[in-house]
Amino acid sequence: MHDLAKAYEPSAVEERLYARWLELTDSYHADEKSVKPAFSIVIPPPNVTGILTMGHVLNNTLQDILCRKARMEGKEVLWLPGTDHAGLATQTKVESTMRKEEKGLTRQMLGREAFEKRVWEWTDKYGGIIIQQLKKLGCSCDWTRQTFTLDAEYSRAVLQAFVDLYNKGHIYRGKRMVNWCPASQTAISDEEVIPTPQKGKLYTIRYEVVEQPGRFLEIATTRPETLMGDTGVAVNPEDPRYAGLAGLHARRPFPEAAIPIVADAHVDVKFGTGVLKVTPAHDKADFEIGQRHNLPFLDVLTPDGKINCPEVPELHGLDRFEARKRSAEMLAERGLLAKEEPYDNTVGFSERGQVPIEPRLSEQWFLRYPKTQDALDVVAREQIKFFPRHWTKTYDHWLTNIQDWCVSRQVWWGHRIPVWYKDGDPASPKCQIASPGEGWVQDLDSLDTWASSWLWAYATMDDATRSKFYPTSVLVTGPDIIFLWVARMIIAGLEFTPGKTKAVEDNIAFENVVFTGIIRDKYGKKMSKQFGNSPDPLDLIAKYGADGLRFGLIRIAPQGEDIRFDEKQVEEGRNFCNKLWNAVRFRTMQGPIDPAADPSQYDPETHELTSFSQLLLHKLHKLLPQIQASFDRFEFSEVASALYDFVWNDFCSRFIEAAKADFQNPESPSRAGTLATLDYTLSRILRLLHPFAPFITDELWVNLGFGGPETAADGTPNANARTIQFAPWPCAEPVPAWVKDLWTTNSAEAVYAMVDAGRNLRGAVNQKVPFHLHLAEGASAPYDYEMPVLTALLNASEVTLALPSDPVPSGPFAFVPLGKLYVTLPKIDPEEERKRIEKDLAKVRKDLESTRKKLGDPNMIARAPADKVAEWRALEPVLAEKERTLLERQDALAGAV
RNA sequence: GCGCGGUUAGCUUAGUGGUAGAGCGCUACAUUGACACUGUAGAGGUCACAGGUUCGAACCCUGUACCGCGCACCA
């Protein structure tokens, strides 16, 4: 027998166990040749140089729960881990470090090759951190298949995908308006622009009509600094105020020029003055107006967001925000600024660069998404199921309004676009992975990182692995990347058909998508490094254990709802682990454990199996299908809560407390049956909890021999003795026939009800006091063996019984299912009791009133279902009797004073 | 403007039509007890608001308010 410490010490267990697991499972290597049914998950790859956040903890714990459960269900499990190169994020991090630590060194100073080498060094140094952290959390990923998006194999798949799409005509290069980040100096996709409310100013400026000197058009703008790029002025063709102006010209103040006035339906007559200055090179809508009216495209900004307009030396070279103020001043000096008023508007910010993006005309690569209709269909037909389902609306909306994807980035860290150029060669450009030869120069741009990770669901697997494990079973991720990643992975699967056949069902990437909530702090703020409100999960693991963190977090994380995180919840998780530990510790004090314990060997009729044991077994077998149903809906917190409640209340507070009567009496005839019930239930509790709390459950399972002997009777080694991880999942076991026969009486419930009522009666009186049960008509007395339990749990000096025909005693009492339970207290505080009676009376009267109202309403009696009416009819006299008895007691109390 | 969530005890929340439930926190009490990472008890709720459907609404419908998120617009 293993001696258990008085409290569970996670740090003493976790590291040792994890190392052991890696040995036992060959690092959780999934066998692609296995005949077991497959279960597979690909990890949402964290940034290679990132560190573990609470979001990762939630997400990866859920995946680990699914994988561990699947193993126990006898499936061959692949949880494929890896990391993402995070092109722009990583490049920015390395650049800023260089700038700080190496006197302003930039990547341009180093050159592309040397810089890439730097980033690889950085990646080698920090790249393993998050993987190590996942191991601390207990994640059972297949570490033999760990993948990085820049691995040679994966890279080839990414580039080949580009080449294929190019050859099919889905990819094109074009000079178009893109979202330009002046801080990172790259294009970004629409999905990476964060609209942010800003307090800005609306400037109303005056443009003179050239052909009608003295007539001025007032134009509202938030961006006077771009007026040098104005190549037109637009009015709505329907607007009577400006009829006849189209075809004339307006005078641009600086650099002074006459620019055409055009009529364009885009202009909203109700907004501002109804006149729009058109800056085709610096605004998406203006770009389109410019195209429609053949206006010139004048770029007056540099890539880093400075004014590029030598003709206006006052502004040339100024930062765009400086230039905004200065140009307003210049307009005012010329009498051309009519108004300047505060204005709230929404400005697109670059997610990475944290600065306003600049709509900018530039040469980029675009993808016309293929298979968008198929992608809509597979989700509509529920070939791919979303949990919660309402996210399908968001998904549908995006896919039906989809824009071409700008896949090129002006960064050096990532997959370089596989397009080659050679001046004067008629074959240029060529799209292929390898260089076509001497003199060919590769495109300078790299691919958007999401254009790498959209192949993650299958390009991480070799052919053999894919034929066993693809499509994957579940994807667990946040709804914030539903477009960036989830939808694109679905499209990639349908377009590249990596499955066993070309059929849609073999190429759906994943069967289920589980969306987690966002973790917020206790004030409701999103957790982020900037706010500093995100605890370090490793600190929490050190303080409360990985199991405590996992269980505490999952218990309060309802599906798809945001989570208000409070460290208290992790503390509760740890406390729960300790409760379990001590319940097992108590068990070890009663003698050796029987891993094959079978309560059905004990006869309930002769009370070898007590009512307490029967009730527990009944509840356990009611719990199992509930847990399975919750898992089927991916309602993890429901499972965790149900287990918490069962273990703490049904198992510890009630059953174990009742069982002490047996254990303290070596002669008890029900001792063996109670022990068997304890072992049988514990064995299942440990297995049910293992996916949530892998360490403590394995530690207890192995040390106490729940897995059975090391070798089976035929001499083969018994794997379940060495670890709980492959022990059979209890919900999958058939319900034993004997369980159905157990539930013949609820006498244990009656005992527990008396315990609750009696404790309430005695209130704060701590010494042992006598109780007296006065049976109601027709109630059967508790079994003899139940009386010591009742006495112990009530902390009673004795519990006496009286028949219905016996005289009714007086004194404080409570209604219980068997009748009335009286207590004899050394001293009765009449004031206290009066309050208690009044409280009971108020409750009874409220119930009685509502029941009588129902019964007195003929309409209700006529229309309510018969069983409900019968219920109310039966309830009424019971309540009335309660009221009468309480009033009697109240009178007696009044008389006594 | 459109869409998706949400609003139940001080806090976090469960609750798909029939007497509002839990955990934390708070208050009081209890340490030869498996567990103070504990036990026992107590206080604490017009279920956001207004209509409607129904014999009956926290629950279904409509609307309103407020909070969060997304999309679009944003001169």
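- For A:K660, a side-chain nitrogen or oxygen approaches OP1 or OP2 of B:A34 to under 4.0 Å.
- Residue A:V267 is in base contact, counting any heavy-atom pair closer than 4.0 Å across all strands shown.
- Ion pair A:E849/A:K846 not flagged as a salt bridge, since none of the NZ, NE, NH1 or NH2 atoms sits closer than 4.0 Å to an Asp/Glu carboxylate oxygen.
- For A:M860, taking side-chain heavy atoms from C-beta onward, the closest of the listed nucleotides B:G70, B:G18, B:A20 is B:G18.
- As a whole-Å value, the separation of A:R762 CZ from B:G42 P is 13 Å.
- Taking the C1' atom of each, B:A58 and B:U16 are spaced 11 Å apart, rounded to whole Å.
- In summary, of the residues considered (A:Y395, A:W398, A:Y369), a ring-ring contact (aromatic ring centres under 6.0 Å, His included) with A:F483 occurs for A:W398 alone.
- Listed pair A:K6 / B:C35 meets the phosphate criterion, a side-chain N or O lying under 4.0 Å from OP1 or OP2.
- Among the atoms of the strands shown, none is found under 4.0 Å from any heavy atom of A:S850.
- Backbone-only contact: A:D857 has heavy atoms under 4.0 Å from sugar-phosphate atoms and none from a base.
- A:S630 and A:E638 share a side-chain donor-acceptor pair at under 3.5 Å.
- Partner A:Y544 forms a side-chain hydrogen bond (donor to acceptor under 3.5 Å, both in side chains) with one of A:R574, A:E567, A:R550 and no other, that one being A:E567.
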Notebook entry, point to check: Given the rule that a pair is Watson-Crick or G-U wobble with both distances under 3.5 Å, how would you write RNA chain B in dot-bracket, using | for pairs to a different strand?
Noted result: ((((((((.[[[[.)..(..]]]].(((((.......))))).....[[[[[..)....]]]]])))))))....

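- No engagement by A:I219 is indicated, since no non-hydrogen atom pair under 4.0 Å with the nucleic acid exists.
- The phosphate of B:C37 (OP1 or OP2) has no side-chain N or O of A:W648 nearer than 4.0 angstrom.
- Here, B:A20 and B:G44 have their C1' atoms 14 Å apart, quoted to the whole Å.
- One N or O on the side chain of A:R762 and one on the backbone of A:Q767 form a donor-acceptor pair closer than 3.5 Å.
- Residue A:Y395 contributes atom OH, which lies 17 Å from atom P of B:C71 at whole-angstrom precision.
- Considering only side-chain N and O atoms, A:R574 lies nowhere under 4.0 angstrom from the phosphate OP1 or OP2 of B:C37.
- Set against B:C37, B:C24, B:C4, the side chain of A:E572 has B:C24 as its closest nucleotide.
- With A:W648 as the aromatic partner, A:R654 does not meet the cation-pi criteria of under 6.0 angstrom to the ring centre and within 45 degrees of the ring axis.
- Of the listed nucleotides (B:A34, B:C37, B:U19), B:A34 has the atom at the smallest distance from the side chain of A:F586.
- Ion pair A:K843/A:E838 not flagged as a salt bridge, since none of the NZ, NE, NH1 or NH2 atoms sits closer than 4.0 Å to an Asp/Glu carboxylate oxygen.
- Atom name C1', nucleotides B:A43 and B:G25: the rounded distance is 13 Å, in whole Å.
- When the nucleotides B:G18, B:U19, B:G70 are ranked by their closest atom to the side chain of A:P865, B:G18 comes out on top.
- Considering only the side chain of A:F483, B:C71 comes nearest among B:C37, B:A34, B:C71.
- Comparing B:A34, B:C74, B:C55 by their closest approach to the side chain of A:E657 singles out B:A34.
- When rounded to the nearest whole Å, the span between CZ of A:F576 and P of B:G39 equals 12 Å.
- Across all strands, A:K579 comes closer than 4.0 Å to base atoms (heavy-atom distances).
- A:N179 places no side-chain N or O within donor-acceptor distance of the main-chain N or O of A:I357, the cut-off being under 3.5 Å.
- Among the atoms of the strands shown, only primed sugar atoms or phosphate atoms (P, OP1, OP2) are found under 4.0 Å from some heavy atom of A:Y343.
- The NZ-P distance, from A:K853 to B:G18, rounds to 16 Å in whole Å.
- Residue order along RNA chain B, read from the 5' end via each residue's closest nucleotide, puts A:D190 first among A:D190 and A:V269.
- Judged by distance alone, with hydrogens and angles left aside, A:Q590 brings no side-chain donor or acceptor close enough to the base of B:A34 to form a pair under 3.5 Å.
- With hydrogens and angles left out, the side-chain atoms of A:Y8 and A:E699 include no donor and acceptor closer than 3.5 Å.
- Distance from the side chain of A:W872 is smallest to B:G18 among B:G15, B:A34, B:G18.
- Residue A:W398 contributes atom CH2, which lies 11 Å from atom P of B:A72 at whole-angstrom precision.
- Straight-line distance between the C1' atoms of B:C26 and B:U64: roughly 36 Å, to the nearest whole Å.
- At a cut-off of 3.5 angstrom, the base of B:C24 holds no donor-acceptor pair with the side chain of A:K568.
- Of the side-chain N and O atoms in A:N575, one or more sit less than 4.0 angstrom from OP1 or OP2 of B:U38.
- Using a 4.0 Å heavy-atom cutoff across all strands shown, A:K843 reaches at least one base atom of the nucleic acid.
- Comparing the C1' positions of B:C67 and B:U27 gives an interatomic distance of 32 Å, to the nearest angstrom.
- Dashed line: the shortest gap from a side-chain N or O of A:N760 to OP1 or OP2 of B:G42 is under 4.0 Å.
- Contact annotation for A:I482: no contact, since no heavy-atom pair falls under 4.0 Å across all strands.
- The shortest distance between the side-chain N/O atoms of A:R585 and the OP1/OP2 oxygens of B:A34 is not below 4.0 Å.
- Within 4.0 Å of A:C652, counting heavy atoms only, lies at least one base atom of the nucleic acid.
- Ranking B:C24, B:A41, B:A34 by closeness to the A:R759 side chain, first place goes to B:A41.
- Using a 4.0 Å heavy-atom distance criterion, A:R555 is classed as a sugar-phosphate-only contact.
- Counting to the nearest Å, the C1' atom of B:U32 and the CE atom of A:M589 are 13 Å from each other.
- A distance of 13.5 Å separates CZ of A:R585 from CG of A:L580, quoted to the nearest 0.5 Å.
- Toward the 5′ end of RNA chain B lies the nearest nucleotide of A:Q664, the other residue of the pair A:N859 and A:Q664 mapping further downstream.
- Residue contacts for A:V584: at a heavy-atom cut-off of 4.0 Å it reaches no nucleic acid atom on any strand shown.
- The A:H390 side chain lies nearest to B:C4 when the options are B:U12, B:C69, B:C4.
- Aromatic rings of A:Y343 and A:Y203 (six-membered ring for Trp) have centroids beyond the 6.0 Å cut-off, not under it.
- Straight-line distance between the P atoms of B:G70 and B:C60: roughly 26 Å, to the nearest whole Å.
- Side-chain atoms of A:Q590 come within 3.5 Å of backbone atoms of A:F586 as a donor-acceptor pair (strictly under, hydrogens ignored).
- Comparing the same atom, C1', in B:C11 and in B:G45 gives a spacing of 14 Å after rounding to whole Å.
- OP1 or OP2 of B:A43 has at least one side-chain nitrogen or oxygen of A:K839 nearer than 4.0 Å.
- B:U12 and B:C73 have their C1' atoms separated by 38 Å, with the value rounded to a whole Å.
- In this entry the distance linking CD1 of A:I563 with P of B:G68 reads 18 Å, nearest Å.
- Atom CD of A:E191 is separated from atom P of B:C69 by 19 Å (rounded to the nearest Å).
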